[in-house]
Amino acid sequence: MPWNSAAVTSLSPGASSRRKITFPNGADMGVQWIVANPRNASLLEVQAHAMERNAEGVNYRVTVKNVGTTDAMFSLMGGSVT
């Protein structure tokens with residue numbers, strides 16, 4: 001099932017940010033492919049995919065790094081891997 005996050009984040013050149021996706025009720029949605037969806041002319045790299053299970057359910061995490069030369073605006077998008 002594809003999904004898009006409405007939350008937009010900004011990153012300066014060279015900066016990185018650890019991001020988290022949680023589905024309603026902490027549902028385990030299986031393997032998820034997560035990418036950074038640039039909202040402006042920018043170059044973003046996604047690293048360190050992780051899946052965490054805790055008392056609240058499942059969290060999916062990635063690190064997004066701005067490897068370009070301009071400030072980047074982005075949201076996350078992805079979907080299940082079958």
Side-chain angles (χ1 to χ4, degrees):
M1 169 178 71
W3 52 266
N4 285 295
S5 171
V8 176
T9 303
S10 63
L11 280 177
S12 299
S16 61
S17 176
R18 191 77 173 144
R19 309 304 299 163
K20 175 175 79 170
I21 295 290
T22 303
F23 290 95
N25 301 316
D28 181 349
M29 302 299 283
V31 176
Q32 295 291 306
W33 185 251
I34 303 171
V35 297
N37 180 17
R39 299 298 181 103
N40 64 336
S42 55
L43 179 58
L44 300 166
E45 183 177 274
V46 176
Q47 310 166 337
H49 285 76
M51 182 176 172
E52 168 191 36
R53 187 178 306 276
N54 58 34
E56 289 78 41
V58 173
N59 297 310
Y60 299 87
R61 298 178 186 270
V62 294
T63 299
V64 178
K65 183 174 183 178
N66 182 348
V67 295
T69 58
T70 61
D71 288 345
M73 300 291 293
F74 71 95
S75 61
L76 296 178
M77 63 187 296
S80 298
V81 176
T82 56

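Between the CG atom in Leu11 and the CG atom in Leu44 there is a gap of 7.0 Å [rounded to 0.5 Å]. Atom CZ of Arg19 is separated from atom CD1 of Ile34 by 11.5 Å, given to the nearest 0.5 angstrom.
Using a 4.5 Å cut-off on side-chain heavy atoms (C-beta onward), Pro2 and Met77 make no contact. Looking at Asn54 and Asn59, their side chains come closer than 4.5 Å, going by heavy atoms from C-beta outward. Put simply, the side chain of Asn37 does not reach to within 4.5 Å of the side chain of Phe74, judged on heavy atoms.
Checking each of Asn25, Ile21, Thr22, Asp28 against Val58 for a side chain to side chain contact (heavy atoms under 4.5 Å, CB included) leaves exactly one that passes, namely Asp28. When the options Met51, Lys20, His49 are evaluated for a side chain to side chain contact (heavy atoms under 4.5 Å, CB included) with Arg61, the one that passes is Lys20.
Cluster membership check: Val46 shares its hydrophobic cluster with Met29, using side-chain heavy-atom separations under 4.5 Å among Ile, Leu, Val, Met, Phe, Trp and Tyr. The hydrophobic cluster containing Val62 also contains Met1, counting ILVMFWY residues as joined when their side-chain heavy atoms lie under 4.5 angstrom apart, directly or transitively.
Aromatic ring orientation, Trp3 versus Phe23: perpendicular (interplanar angle above 60°, classes split at 30° and 60°).
Using a 3.5 Å distance cut-off with no hydrogens or angles, the side chains of Arg39 and Ser75 do pair a donor with an acceptor.
Among all heavy-atom pairs drawn from Ala41 and Thr70, the shortest one is O-OG1, 3.2 Å. Here the closest non-hydrogen pair linking Asp71 and Asn40 is O-ND2, 3.0 Å. The two atoms that bring Val64 and Ala36 nearest to each other are CG1-CB, 3.9 Å, heavy atoms only. Here the shortest heavy-atom pairing between Arg18 and Gln47 reads NH1-O, 4.0 Å. Taking every heavy atom of both residues into account, Lys65 and Gly14 meet most closely at CE-O, 3.9 Å.
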Inset, instruction - Any chance you could lay out the side-chain contact (heavy atoms from CB on, under 4.5 Å) test for Met73 and Ser42, step after step, and finish with the verdict? - result: CA-CA 8 Å; Met73 300 291 293; Ser42 55; over 6 Å; no
